[in-house]
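Beneath this line is the structure, given in structure tokens, with notes to follow.
Each chain gets a letter, A, B and so on, in the order the sequences are listed, and its residues count up from 1.
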Amino acid sequence: MAKDITTRLNDYSQWYNDLVIKGNLADHSSVRGCMVIKPYGYAIWEKMRDALDKMFKDTGHVNAYFPLFIPKSFLSKEASHIEGFAKECAVVTHYRLINDPNGKGVIVDPTAKLEEELIIRPTSETIIWNTYKTWIQSYRDLPLLINQWANVVRWEMRTRLFLRTAEFLWQEGHTAHATEKEAVEETEKMLHVYAEFAEKWMAMPVILGRKTANERFAGAVETYCIEAMMQDGQALQAGTSHFLGQNFAKAFDVQFLNKEGKQELVYATSWGVSTRLIGALIMAHSDDDGLIIPPKLAPLHVVIVPIYKTADDLNKLYEKVKPLIEQLKAKNISVKFDDDETKRPGFKFAEYELRGVPVRLAMGMRDYESGTVEVARRDTKEKSVQQFEGIGNYIETLLDDIQTNIYNKAKAFRDSNIREVNTWEEFQDTIENKPGFISAHWDGTAETEEKIKELTKATIRCIPLNNQQQEGKCVYSGKPSKERVIFARAY
RNA sequence: CGGGGCGUAGCGCAGUCUGGUUAGCGUACCUGGUUUGGGACCAGGUGGUCGCGUGUUCGAAUCACGCCGCCCCGACCA
């Protein structure tokens, strides 16, 4: 058991906080609700960002950057959109500070009031569609496939590191299309990009689905999502993709001339994932000893801990592993030789386990003499002694094994915690006593959905895509239903 | 934003109820030495506007009021 980490069983929330802070991913800042992402945590984000960015480029998107500030009037143009965000907007009202006449630092200059307040973007649909209006005239300007990497601000009541902070980093894709069909295809395509990223890179299985009207993005016609299960059985929305229909085109009057020479409103999509994914990554895989990071996102893949008595021994060990370090680097496997003499090996072992480094090599003089090395894998904590000869290739394979194993483990956990439930009694019992997802029939009404939420705190996470159609009765109202939906308590 | 808890060295805490020496303890950190195959040991040392502000008092970490921050539980959300 790692020092100073609360166990998952004891207090899951505290365990999460311990991992974020003691794993050196992030800290609370002195600004309410805002975090400092530390270098190790940011390195994970960079890996996520690079992988996603490549996937976006490969699907034909380009990056651009739009302003942080949004004139208040823009946000008012799409009614349901503003309704969704109004309660959590930061507003800039002034543009100058002056010295406090009472000599206590600076105060806001009351004469420097903005004529129109600026909203710090909670999302960028409005400023972007205001801009797209000037870029789109003809069908030849379409589709417009743009992504932006940015920070956004949502003034949250209650914050948690990575999962919900007032400011966070994300990407938001905003596309414009000539036809509804094409826009819907784009929405679904990007959902699949997210799902692939979650499963292949994060080693986190997800359920692809549609949101109910209640859970839909403000301003969207249809919201798609990927939902992941955390180790406490709660759901976490890991990404969303929205079909916005012509809502924003109407609000910002974005029309194009089609081939027949007629003006038409364009169709829109938007899609995003955020630094919240780091929270998902932690809660999906890690254990009571610390972080478990899948190799594809790990900032450091391999650490080599030398065990030695003299400087001479250390030097011998270094000379021995030097070619291996070169070999691994050539394979794009990051490796660190930890020759810090102020810490003993046991301390280092625990420290790298806390940080989730996938593979640890330990080599002492006994190994040196016998041509072996101790290999420890973080995901299972298994240790084995291997021949040093050819260890580079062994590690390369091992990293792939670890990536696969982490995914399989998460998937087995997820699958064994989705339960089909058919009666209301069973539903209540399951949600209270068996953490996980519930697959149940729903009558399709917002009233039932809200009632269930009120009674159990469970919400409909999604209506799975390609859902099997089957006749059934709503688990709450008993009214007829054609398919099961996923219920869960959620982050 | 509502209820509860907390804020004293980088971290974890005692002291606060019942105001009064120089504010302690563990850990971390620094120096020297011995160590090194799972979080070393000995010795010496550094580090504090007691969350911030105002007040009560001869005197405040301690009492009062206000504010800020964090954690847990609710409402809201990605």
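A gap of 28 Å separates the C1' atoms of B:C25 and B:C72, to the nearest Å. Remark: the separation of the C1' atoms in B:G32 and B:U22 is 28 Å, to the nearest Å. B:U21 and B:A60 are spaced 15 Å apart, taking the C1' atom of each and rounding to whole Å. Comparing B:A61 with B:C13, their C1' atoms are spaced 15 Å from each other, to the whole Å. Going from the C1' atom of B:U36 to that of B:C73 covers 48 Å, rounded to whole Å. Look at the P atom in both B:G24 and B:A75: the space between them is 47 Å, to the nearest Å. For the P atoms, the distance linking B:G7 with B:U16 amounts to 12 Å, nearest Å. Spacing between B:C52 and B:G12 at atom C1', rounded to whole Å, works out to 23 Å.
What separates CG of A:Leu314 from P of B:G37 is a distance of 15 Å, to the nearest Å. A:Trp15 has its CH2 atom 14 Å from the P atom of B:C72, to the nearest Å. Nucleotide B:U36 holds its P atom 14 Å from the CZ atom of A:Phe349, rounded to whole Å. Atom pair A:Ile5:CD1 and B:U27:P shows a separation of 20 Å (rounding to whole Å applied). Going from atom CG of A:Asp313 over to atom P of B:G37 covers 13 Å, rounded to whole Å. Regarding A:Lys343, its NZ atom lies at a distance of 18 Å from the P atom of B:G38, rounded to whole Å.
Between the side chains of A:His242 and A:Glu125, no donor-acceptor pair is found at a separation under 3.5 Å. Defined by atom type and a distance below 3.5 Å, a donor-acceptor pair is present between the side-chain atoms of A:Thr372 and A:Asp367. In the model, A:Asp18 has a side-chain atom that pairs as donor or acceptor with a side-chain atom of A:Thr6 under 3.5 Å. Side-chain contact annotation: A:Gln171 with A:Arg49, donor-acceptor N/O pair under 3.5 Å absent. Residues A:Asn214 and A:Thr212 bring no donor and acceptor atom of their side chains to less than 3.5 Å of each other. Under 3.5 Å, the side chains of A:Thr159 and A:Thr165 contain no donor-acceptor pair of N or O atoms.
Checked by distance alone, A:Arg344 brings no side-chain donor or acceptor within 3.5 Å of a matching partner on the base of B:G37. Contact of A:Glu353 with B:G38 (side chain to base): a donor-acceptor pair of N or O atoms is detected under 3.5 Å. A:Lys383 contributes a side-chain N or O that forms a donor-acceptor pair with the base of B:G38 under 3.5 Å.
Using cut-offs of 30° and 60° for the angle between ring planes, the A:Tyr12 and A:Trp15 rings count as tilted.
For A:Lys38, the salt bridge (Lys or Arg N to Asp or Glu O under 4.0 Å) partners at least two apart in sequence or on another chain are A:Asp27.
Applying the salt bridge (charged side-chain N to carboxylate O under 4.0 Å, His left out) test to pairs two or more places apart or on separate chains, those with a residue in residues 226-240 of chain A are A:Lys211-A:Glu227, A:Glu227-A:Arg461.
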Report each atom pair, protein N/O against N/O of nucleotides 75-78 of chain B, whose distance is under 3.5 angstrom.
residue	atom	partner	partner atom	Å
B:C77	O2'	A:Glu156	OE2	3.4
B:C77	O2	A:Arg164	NE	2.3
B:C77	O2	A:Arg164	NH2	3.0
B:C77	N3	A:Arg164	NE	3.3
B:C77	N3	A:Arg164	NH2	2.6
B:A78	O3'	A:Gln237	NE2	2.7
B:A78	O3'	A:Arg276	NH1	3.4
B:A78	O2'	A:Arg276	NE	3.4
B:A78	O2'	A:Arg276	NH1	2.3
B:A78	O2'	A:Arg276	NH2	3.1
B:A78	N6	A:Thr165	O	2.9

Check the interface with nucleotides 69-71 of chain B: list each N/O to N/O pair with the protein under 3.5 Å, or write none.
residue	atom	partner	partner atom	Å
B:G69	OP1	A:Arg32	NH1	2.9
B:G69	OP2	A:Arg32	NH1	2.4
B:C70	OP1	A:Gly33	N	3.3
B:C71	OP1	A:His28	NE2	3.4

Nucleotide N/O of nucleotides 7-12 of chain B paired with protein N/O under 3.5 Å:
none

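Here B:C11 sits opposite B:G26 as a Watson-Crick or G-U wobble pair (both hydrogen-bonding atom distances under 3.5 Å). Across all strands shown, B:C58 forms a Watson-Crick or G-U wobble pair with B:G20, both key distances being under 3.5 Å. Across all strands shown, B:G2 forms a Watson-Crick or G-U wobble pair with B:C73, both key distances being under 3.5 Å. Under the Watson-Crick or G-U wobble criterion, with both distances below 3.5 Å, B:C65 is paired with B:G53. With both pairing distances under 3.5 Å, B:A43 is matched to B:U31 as a Watson-Crick or G-U wobble pair. Summarising the base pairing, B:G37 is matched to no nucleotide, lacking a Watson-Crick or G-U wobble pair whose two defining distances lie under 3.5 Å.
For A:Ile307 and A:Asp11, each mapped to the nucleotide of RNA chain B holding its nearest heavy atom, the one lying further toward the 5' end belongs to A:Ile307. The nearest heavy atom of RNA chain B to A:Pro345 and to A:Lys348 marks one nucleotide each, and the one closer to the 5' end goes with A:Pro345.
Distance NZ/A:Lys383 to CD/A:Gln386: 13.5 Å, rounded to 0.5 Å.
Within 4.0 Å (heavy atoms only), A:Glu341 reaches no atom of the nucleic acid at all.
Residues A:Lys343 and A:Glu351 have side chains not in contact (no heavy-atom distance under 4.5 Å, counting atoms from C-beta outward).
Under the 6.0 Å distance and 45° angle rule, A:Arg355 counts as a cation-pi partner of A:Tyr40. With a 6.0 Å cutoff to the six-membered ring centre and a 45° limit on the axis angle, A:Arg121 does not count as a cation-pi contact of A:Phe69.
Contacts with RNA chain B (heavy atom under 4.0 Å) in residues 429-439 of chain A: none are found.
The only option from A:Trp129, A:Phe248, A:Phe74 that meets the ring pair (Phe, Tyr, Trp, His ring centres under 6.0 Å) definition with A:His81 turns out to be A:Phe248. Applying ring pair (Phe, Tyr, Trp, His ring centres under 6.0 Å) to A:Trp424 and the options A:Phe487, A:Tyr476, A:Trp442 leaves one that passes, A:Tyr476.
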Audit row: A:Asp50, A:Lys47, salt bridge (Lys or Arg N to Asp or Glu O under 4.0 Å) steps and yes/no: CA-CA 5 Å; A:Asp50 291 350; A:Lys47 290 238 172 183; over 6 Å; no

